[in-house]
Amino acid sequence: MTKLDSTLRTRFAPSPTGFLHIGGARTALFSWAYARRFGGKFILRIEDTDRERSTEESERGVIDGLRWLGIQWDGEIARQSEANARHQEVIEDLLTAGKAYRCICSREELEQRKQEHIARGDKWTYDRKCRDEDYAADCGTHVVRLKLPDTGMLGWVDGVFGESGQDASEIGDVIIRRSDGSPLYHLAVVVDDIDLGINFVIRGQDHHSNTPFQLAIYQAMGVEPPRLAHVPLIVGKNGKKLSKRRDPISVQQFQEEGYLPEAMRNWLTRIGWSHGDQEVFSSEEITQTFDLEHVNHSSAQADLEKLVWLNQHYLKTLPMDQIRDYVLPFLEKEVGGSVQWDDALAFYIEADRERPKTLVEMAQRARFLLLDDDALQIDEKAAKKHLKANIAPALEQLRDAFAALGAWDHESIEGAFQSVLEQQNRERSEEQGEMKMGKLAQPVRVAVTGGPVSPGIHETLMALGQERSVTRLSNAIQAIRARA
RNA sequence: GCUCCCAUCGUCUAGCGGUUCAGGACGCGGCCCUCUCAAGGCUGAAACACGGGUUCAAAUCCCGUUGGGAGCACCA
């Protein structure tokens, strides 16, 4: 073991399940932010001991998720499977040093003795039957157990919870190697963390009560344990554990639903951590202000409404070239083909960006712009409400006014609307009442977009262009006439 | 069952003994703006789980109750 310098080193150690869980994503975010905040390194280690499930494929989900969130790790990705020989070596050393021993108690015997204890009302920890037998390697099927001290506190000052720990007497001699020869998780993490020079472990609270075991292993190995901090879990609606069925738990899922990494990162960071009243955090602000002191002690529910709000916030404030990169794939999916990003599209998205809640919605709202004029389907309800026979004359006048325009900009379009309104109001009778902008704009909106919602009508028409606007108005007028 | 952890508006939270009849945000209601939908502005309702202490003074400290969560494997 090389003596490592005092640089802060945190880590994230997921098992490769094919996707990144939001709880995992958050502890990764915290570990990353903490390392960045204090000039340390953030290491990624894949816990791929379960060789059946661990494939390149299943790792990718986790790795892609981290990348997407903008959580960059330092150095190469470490893999637990690569450390197997090292785990064995440590176990052998502990055996030789008399700090661990072989245990030949079968599961059946163990279960029986455990039941007897419980029947007597005693608590059960392993009864140390084999502890002093000193069985050799040829003792047959056996596991290896760590000798825990009889008494003494296995404690630490948790970065979040403060003084924590348990007396050694309450903990049984834990198994560190299975009868098939493979090392157990507790042994493996400790060894891996030591070898990677991890000196600050930030992990989920579900590990809190297991920590004393691991401290015992550090003690047996004669290595100073890292600083430890446990962050409370994210729970689902009504405070229950996140469930795959009920709750959206994979980062990928959010990505597909059109959430931005900026929003996701901001949201996750703010669950269980705060910085005064601040709600919006850029990546830089996270890495400049994150601390453990303000991590909450209680588990928190994932509040989707807030994510939506954050997403909308970033949708309307991020630089346009970023929005372009984010939304393009969604647009292509929406129309089922490649999409050319041109000035008109850029103008439209810019005009519309404060309305959609997700990228999916943003793409849906731009769909009408990307369709051929003849392929535009008019929403039936909207047509029935806004494209009635009595509006046709005004639409015709407007179409003609549009067709005659020399320039196609906000001012000229507005002028055309005004002149048509004036003309209408001259022609209309007393009982018909005055025609206002709303009465005209809405039918136009339905005619050119196919639906009742869009950005300001002038902007919408500008994005569509003069020729296409005229065509779509004509199509709508025809449709009205055909129905009459 | 045993061990450990937790407890402020519906939700995320600020608060680290007095300046708080508890502040912000999301969501919800109302009003304004308005060519639709949003956005924005103003505004309203909404919480210290309960019971005991300690103290001149408690959301803040201590104890109990209740309620939640996690861990107790030859899983990770």
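Protein chains get the first letters and strands the later ones, always in sequence-line order, with residue 1 at the start of each. Any value given below was found using the heavy atoms of this structure, including those in side chains, with hydrogens, waters and symmetry copies removed. Since we're looking at a predicted model, the values are computed, not measured.
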Margin query: Applying the side chain to side chain contact (heavy atoms under 4.5 Å, CB included) criterion to A:Pro14, which one of A:Leu20, A:Ile63, A:Leu44 satisfies it?
Written below: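 Of the listed options, the one satisfying the test is A:Leu44.
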
Item checked: Result of checking A:Lys316, A:Arg353, A:Glu350 against A:Ile323 for side chain to side chain contact (heavy atoms under 4.5 Å, CB included) ->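 Among the candidates, only A:Arg353 passes.
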
Is a donor from one side chain sitting under 3.5 angstrom from an acceptor on the other, for [X] and [Y]?
{"X": "A:Tyr34", "Y": "A:Asp291", "result": "no"}
{"X": "A:Gln322", "Y": "A:Tyr314", "result": "no"}
{"X": "A:Ser454", "Y": "A:Thr460", "result": "yes"}

Hunt down the Watson-Crick or G-U wobble partner of [N], both distances under 3.5 Å, from any strand shown, or write none.
{"N": "B:rC16", "result": "none"}
{"N": "B:rA57", "result": "none"}
{"N": "B:rC31", "result": "B:rG41"}
{"N": "B:rA49", "result": "B:rU65"}
{"N": "B:rC2", "result": "B:rG71"}
{"N": "B:rU36", "result": "none"}
{"N": "B:rA25", "result": "B:rU11"}

For [N] and [X] - does any side-chain N or O of the residue sit under 4.0 Å from the phosphate oxygens OP1/OP2?
{"X": "A:His313", "N": "B:rC26", "value": "no"}
{"X": "A:Lys306", "N": "B:rU13", "value": "no"}
{"X": "A:Asn210", "N": "B:rU3", "value": "no"}

Separation of [X] atom [atom1] from [N] atom [atom2], in whole Å?
{"X": "A:Leu184", "N": "B:rC72", "atom1": "CG", "atom2": "P", "result": "12 Å"}
{"X": "A:Asp173", "N": "B:rA73", "atom1": "CG", "atom2": "P", "result": "14 Å"}
{"X": "A:Phe161", "N": "B:rG69", "atom1": "CZ", "atom2": "C1'", "result": "10 Å"}
{"X": "A:Gln115", "N": "B:rG1", "atom1": "CD", "atom2": "P", "result": "16 Å"}
{"X": "A:Ile118", "N": "B:rG1", "atom1": "CD1", "atom2": "P", "result": "13 Å"}
{"X": "A:His297", "N": "B:rC4", "atom1": "NE2", "atom2": "P", "result": "18 Å"}
{"X": "A:Asn296", "N": "B:rA59", "atom1": "CG", "atom2": "P", "result": "19 Å"}

Check: Which part of the nucleic acid, if any, lies within reach of A:His230 when heavy atoms closer than 4.0 Å are counted: base, sugar-phosphate only, or nothing?
Finding: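 The answer is nothing, as A:His230 stays clear of every strand by at least 4.0 Å.
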
Checklist line | C1' gap between B:rG27 and B:rC9, integer Å | finding: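 About 12 Å, rounded to a whole number of Å.
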
Check: P atom, B:rC42 versus B:rU8: distance in rounded Å?
Finding: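 Roughly 29 Å separates the two P atoms.
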
Checklist line | Along RNA chain B (nearest heavy atom to each residue), the more 5'-positioned of A:Phe213 and A:Arg270 | finding: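 It is A:Arg270 whose nearest nucleotide is closer to the 5' end.
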
Note to self: Between A:Ser274 and A:Cys105, which residue's closest nucleotide on RNA chain B lies nearer the 5′ terminus?
What the structure shows: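 The residue whose closest nucleotide sits nearer the 5' end is A:Ser274.
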
Check: When every nucleotide of nucleotides 29-46 of chain B is labelled 5' to 3' by its protein contacts under 4.0 Å (heavy atoms), B for base, S for sugar-phosphate only, - for none, what sequence of letters results?
Finding: ------BBBBSS------

Next item on the list: Please determine which of A:Phe30, A:Trp267, A:Phe281 meets the ring pair (Phe, Tyr, Trp, His ring centres under 6.0 Å) test together with A:Trp273.
Entry: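 Exactly one candidate clears the test, A:Phe281.
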
Next item on the list: With sequence neighbours left out, write down each residue that passes salt bridge (Lys or Arg N to Asp or Glu O under 4.0 Å) with A:Asp379, or none if nothing qualifies.
Entry: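 With sequence neighbours excluded, A:Asp379 shows a salt bridge (Lys or Arg N to Asp or Glu O under 4.0 Å) to no residue whatsoever.
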
